[in-house]
Amino acid sequence: MLLTRGVTRQMSELRDPVRNIGWWVDDAGDFRPYRVSANDHPRLGYVGEGDPFPRGGVEARIALRRLGMVRIERTGAGIGVEWDIQNVEPGALRAVLKSLGSESLGGRVDLTFRYGGWATESYASPVAAARRIKELEDYRGETPKTMIAYEAHGLDDLDSAKPLLKAAYDRWKASAAGRLEHFDSPFRAVTPYSLMLSESNAPGSLFYRSIGQKAHMVSYLGKEWARDVIGTLSTHGHSDIEFEQVVSEPYFEAIRTGKPHYGHVRALFAVDEAEPDWVSYQRLILPYDAANGEKAVSIMVVPDQDVSIPFLRPDKTDGVDG
């Protein structure tokens, strides 16, 4: 069990603000504890003290993919569970499910799993997380078939969209089509979150015009990328050309019709030689006329794990189902 008396005693010794505990769970269902920092986070690349298989290293890949182990960590934010769907050992996963079912402290659970690429989902309780893990068991040994999925929504659906997208649409309506980039435009308040593309002198091709520092793409590719990519073709702005070609089709539709376009995206996104990530987000595309007369679009993206495109849901066949 995740919280045996021995482990509970260990956790009482680790209640200072820095130290917490993690476990590697093997095929026999045994929990092997190690000490980690409360500041540990996969995206920061921190190596947990005492972790026999540090994140991002060859040893961790072997533990997850060849040995089929599961990593569990408890920090102040809650519980984290990490595993490889395709290669996990059933015994390890059963032990984790049993532990989550017996978890009495509650709190958020973050699931990080690999299925052709890495995905992260958060749940409000261990029970909800365990339910999701059971769903994902059906995909052990399977290979992803759908890599990129897009679903268009009507503008009426913006009523239930993320607040940033609703605000952007309202400010776009309040701005004159040819003054979106002017300092006195109501739209200026949301431009830090926007990625702007224009046709420039090559109709049918889009070029990066400006990228706000808070645009979602910057969180993946960095501020240096956002600076260096201005003026380049949007389909060659990063290494995943196939991804960009598919998700950019509505940009041209918005330019052609002059009408906004709202939709959801779920896709496997690769950056250079790093392992790909599953990304899912709501997206709003707003057409406008740039100051120099070029046709342009402003693109707003907000991450959302619960987009309308199902992801690895055995009871649904209209999403990414492996």
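Side chains are part of it too, since the values below use all heavy atoms of this structure and drop only hydrogens, waters and symmetry mates.
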Grab the two heavy atoms, one from I133 and one from L100, that are nearest each other, plus how far apart they are. CD1-CD1, 3.7 Å

Which residue, V109, V25, L97, forms the side-chain contact (heavy atoms from CB on, under 4.5 Å) with V81? V109

Would W23 and Y34 count as a close aromatic pair, with their ring centres under 6.0 Å? no

Quick check against the 3.5 Å criterion: does W172 have a side-chain atom that pairs as donor or acceptor with the backbone of P287? yes

Pair W278, F311 - check ring pair (Phe, Tyr, Trp, His ring centres under 6.0 Å), show working. CA-CA 10 Å; W278 285 102; F311 182 53; 5.0 Å; yes

Test salt bridge (Lys or Arg N to Asp or Glu O under 4.0 Å) applied to R171 - qualifying residues, sequence neighbours left out: none

Residues at least two apart in sequence or cross-chain that pass side chain to side chain contact (heavy atoms under 4.5 Å, CB included) with P303, listed by chain then number, are H216

Which residues satisfy the side-chain hydrogen bond (donor to acceptor under 3.5 Å, both in side chains) test with Y193, sequence neighbours excluded? none

Could you go through the side chain to side chain contact (heavy atoms under 4.5 Å, CB included) check for L195 and V297 one step at a time? CA-CA 8 Å; L195 186 154; V297 286; over 6 Å; no

In Å and rounded to the nearest 0.5 Å, what is the CG to NZ distance from L158 to K166? 8.5 Å

Identify the two heavy atoms, one from G116 and one from P276, that lie closest to each other, and give their separation to 0.1 Å. O-CG, 3.4 Å

Between L268 and G117, the two heavy atoms sitting closest are CD1-CA, 3.7 Å

Between Y288 and E181, does any side-chain donor sit less than 3.5 Å from a side-chain acceptor? yes

V279 vs R266, test: side chain to side chain contact (heavy atoms under 4.5 Å, CB included). Steps then yes/no. CA-CA 6 Å; V279 296; R266 192 183 291 280; over 6 Å; no

Given side chain to side chain contact (heavy atoms under 4.5 Å, CB included), test F113 with L136 step by step and report yes or no. CA-CA 9 Å; F113 51 88; L136 295 172; 3.8 Å; yes

Test side chain to side chain contact (heavy atoms under 4.5 Å, CB included) applied to A168 - qualifying residues, sequence neighbours left out: F187, V190, L284, L286, M300

All heavy atoms of D277 vs all of Y220, minimum pair found to be OD2-CE2, 3.7 Å

Between Q305 and S280, does any side-chain donor sit less than 3.5 Å from a side-chain acceptor? no

Using modelled atom types and a 3.5 Å cut-off, is there a donor and acceptor pairing between side-chain atoms of S125 and backbone atoms of A128? yes

Any chance you could measure L180, atom CG, to S194, atom OG, to the nearest 0.5 Å? 8.0 Å

Going by heavy atoms in the side chains, are E135 and R313 under 4.5 Å from each other? yes

Using every non-hydrogen atom in the two residues, find where W83 and V70 come nearest and quote the distance to one decimal. CB-CG2, 3.9 Å

Test ring pair (Phe, Tyr, Trp, His ring centres under 6.0 Å) applied to Y208 and W225, step by step: CA-CA 11 Å; Y208 288 99; W225 167 84; 5.7 Å; yes

Could you check, using the six-membered ring where one of them is a Trp, whether W24 and F53 have ring centers closer than 6.0 angstrom? yes

Distance alone, cut at 3.5 Å: any donor-acceptor contact between the side chains of E82 and T112? no

According to ring-ring contact (aromatic ring centres under 6.0 Å, His included), does anything in residues 55-75 pair up with another residue at least two apart or in another chain? List the pairs. none

Quick one: do L197 and R209 satisfy side chain to side chain contact (heavy atoms under 4.5 Å, CB included)? Show the steps, please. CA-CA 5 Å; L197 306 174; R209 183 174 183 83; 5.8 Å; no

Roughly how far apart are S308 OG and H153 NE2, rounded to 0.5 Å? 3.0 Å

Are Y123 and V127 co-members of a hydrophobic cluster defined by side-chain heavy atoms under 4.5 Å apart? no

Inter-residue atom distance R94.CZ - D27.CG, 0.5 Å rounding: 10.0 Å

Taken to the nearest 0.5 Å, the spacing of L67 CG from I62 CD1 works out to 7.5 Å

Exercise: identify the closest heavy-atom pair between I285 and R283: CD1-NE, 3.7 Å

Separation of I211 CD1 from T191 OG1 (nearest 0.5 Å): 13.0 Å

Taking everything shown except K223 itself, do over 12 heavy atoms lie less than 6.0 Å from its NZ? no

Test: side-chain hydrogen bond (donor to acceptor under 3.5 Å, both in side chains). Region: residues 254-263. Which pairs qualify, not counting sequence neighbours? Y150-H261, E253-R256, Y262-H264, Y262-Q282

